[in-house]
K.L.:
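Here you go, one structure.
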Amino acid sequence: MPELPEVETTRRGLAPHVCGREITGVVVRDGRLRWPVPENLCDLVEGQCIAALERRGKYLLMRLGEGSLIAHLGMSGSLRIVDGDSPPRKHDHVDILLQTGACIRFHDPRRFGCLLWTAEEPDRHELLRELGPEPLQPEFSGAHLYAVSRGRTAPVKNFIMDSRVVVGVGNIYANEALFRCGIHPLRSAGRISARRYGALAESIRQTLADSIAQGGTTLRDFVDAAGNPGYFRQVLQVYGRTGEACTRCGCPICGERVGQRSTYYCPRCQK
DNA sequence: ACTGGCTCCTGAGGGC
DNA sequence: TGCCCTCAGGAGCCAG
């Protein structure tokens, strides 16, 4: 699933192939993504140079001479660098052709992703405007989590998956980060101490950083810019491990649904 | 201001 | 072998 580490892995893989290159064309085979790919996308970006490839939360931002492309991988999307002549496979919805002969290929079986263009500063775009801090930047801290959680009754797991609280924490990493710091996923967000939020912030940071170092988590679909899977799956401690022994205490891992999401935790280690 | 539920989509996997 | 059902999930949207 593309969460922050997968998007960052993609960004790092793409950057050396795309930065400073000119876009020579766009091929839209199927523009029916979460929001339709703009009809005139080719006109908007053709001939422009890619100045930088950035990430904000789970959004990839491709800054052009004029305007920016905003991409989201949804839950099954990937962006790969392939030869511009290579034949498209099923669900290869969009190609962005580069002057080098390579192309950036957007593949997304479930079509929950998007590919948009904006003339304005991307941070002011309506999809990005309300986003919370980046978990790997210094402005994200336990103090921030503590401050914005006061009075909130929702489970802490839902709370940290809210992109207005902190960006990039999806279901897999929410489960893993809570296990790592020993907080029960169902505990009310407003009833956790400042001290424990300090541990949670550090836990989120570590979990995401570790996953980036492993190239992200591949459950089914995710591949990086070169088409390789990520290896963080092999070190998941609770996600998908219902009934298996906790790596810390040996107690069987619990799995249940919380707010439409599969939730995993150790009933002994997490309080 | 929050919270929970619904929704989009496709492919995998299980049961029979 | 094949069909049908359920599930997975990011995040916008809406109603309460």
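By convention in this document, chain letters (A, B, ...) are assigned in the order of the sequence lines, proteins followed by strands, and residues within each chain are numbered from 1.
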K.L.:
Which hydrophobic side chains are connected to A/V258, either touching it within the sub-4.5 Å cutoff or through other members that do?
P.N.:
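Its cluster partners, ordered by chain and number, are A/L186.
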K.L.:
To the nearest angstrom, how far is A/R110 atom CZ from B/dC8 atom P?
P.N.:
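It works out to 16 Å between those atoms.
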K.L.:
With no hydrogens and no angle check, do the side chains of A/R105 and A/S86 hold a donor and an acceptor under 3.5 Å apart?
P.N.:
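Per modelled atom types, A/R105 and A/S86 side chains form a pair under 3.5 Å.
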K.L.:
Starting from the 5' end of DNA chain B, give me the residue, A/R261 or A/R164, whose nearest nucleotide shows up first.
P.N.:
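Counting from the 5' end, the first nearest nucleotide belongs to A/R164.
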K.L.:
Side chain of A/S262 only, heavy atoms from C-beta on: which candidate in C/dG10, C/dG12, C/dG9 is closest?
P.N.:
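So the nucleotide nearest the side chain must be C/dG9.
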K.L.:
Of the nucleotides C/dG12, B/dC2, C/dA8, which one has an atom closest to the side chain of A/L127?
P.N.:
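Comparing C/dG12, B/dC2, C/dA8 against the side chain of A/L127, the answer is C/dG12.
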K.L.:
Cationic tip of A/R195 within the cone over A/Y146's six-membered ring, i.e. under 6.0 Å and within 45° of the normal?
P.N.:
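Verdict for A/Y146: no cation-pi partner in A/R195.
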K.L.:
Bend angle of the helix from B/dC2-C/dG16 to B/dC16-C/dG2 from five-pair axes at both ends, rounded to 10°?
P.N.:
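End-to-end axis angle: 50°.
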K.L.:
Figure out the CZ/C1' separation between A/R257 and C/dT6, and round it to whole Å.
P.N.:
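After rounding, the gap between these two atoms is 10 Å.
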K.L.:
Given atom CG of A/N158 and atom P of B/dC6, what is their separation to the nearest angstrom?
P.N.:
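From A/N158 CG to B/dC6 P: 15 Å.
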K.L.:
Look at the side chain of A/N171 and decide which nucleotide, out of B/dG4, C/dG12, C/dG10, has an atom nearest to it.
P.N.:
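It is C/dG10.
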K.L.:
Which nucleotide sits closest to the side chain of A/H91: C/dG10, B/dG11, C/dG12?
P.N.:
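For the A/H91 side chain, the nearest candidate turns out to be B/dG11.
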K.L.:
Nearest to the side chain of A/Y239, heavy atoms from C-beta on, is which of B/dG4, B/dC2, C/dA8?
P.N.:
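Of the options given, the side chain of A/Y239 lies nearest C/dA8.
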K.L.:
So how far is it from A/C49 SG to A/L64 CG, rounded to the nearest 0.5 Å?
P.N.:
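Those atoms lie 9.0 Å apart.
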K.L.:
Give A/R34 one of three labels, base, sugar-phosphate or nothing, depending on what nucleic acid heavy atoms sit under 4.0 Å from its own.
P.N.:
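Result for A/R34 = base.
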K.L.:
Which ILVMFWY residues can you reach from A/W35 by hopping between side chains whose heavy atoms are under 4.5 Å apart?
P.N.:
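A/Y59, A/L61, A/I70, A/L116, A/L127, A/L128, A/L131, A/V167, all in the cluster of A/W35.
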K.L.:
Taking CZ from A/R56 and P from C/dA11, how many angstroms apart are they, rounded to a whole number?
P.N.:
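A/R56 atom CZ is separated from C/dA11 atom P by 12 Å.
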K.L.:
To the side chain of A/K90, which of C/dG12, C/dG9, B/dG11 is closest?
P.N.:
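From the listed options, B/dG11 comes nearest.
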K.L.:
Tell me whether A/F112 is stacked on the nucleobase of C/dA11, counting only the six-membered base ring and applying the 5.5 Å and 30° thresholds.
P.N.:
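Not stacked: fails the 5.5 Å / 30° test.
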K.L.:
Look at all strands and tell whether A/Y59 reaches a base, only sugar-phosphate, or nothing, counting heavy atoms closer than 4.0 Å.
P.N.:
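Contact class for A/Y59: sugar-phosphate only.
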K.L.:
From CH2 of A/W35 over to C1' of C/dA11, roughly how many Å is that when rounded to an integer?
P.N.:
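Taking CH2 of A/W35 and C1' of C/dA11, I get 7 Å after rounding.
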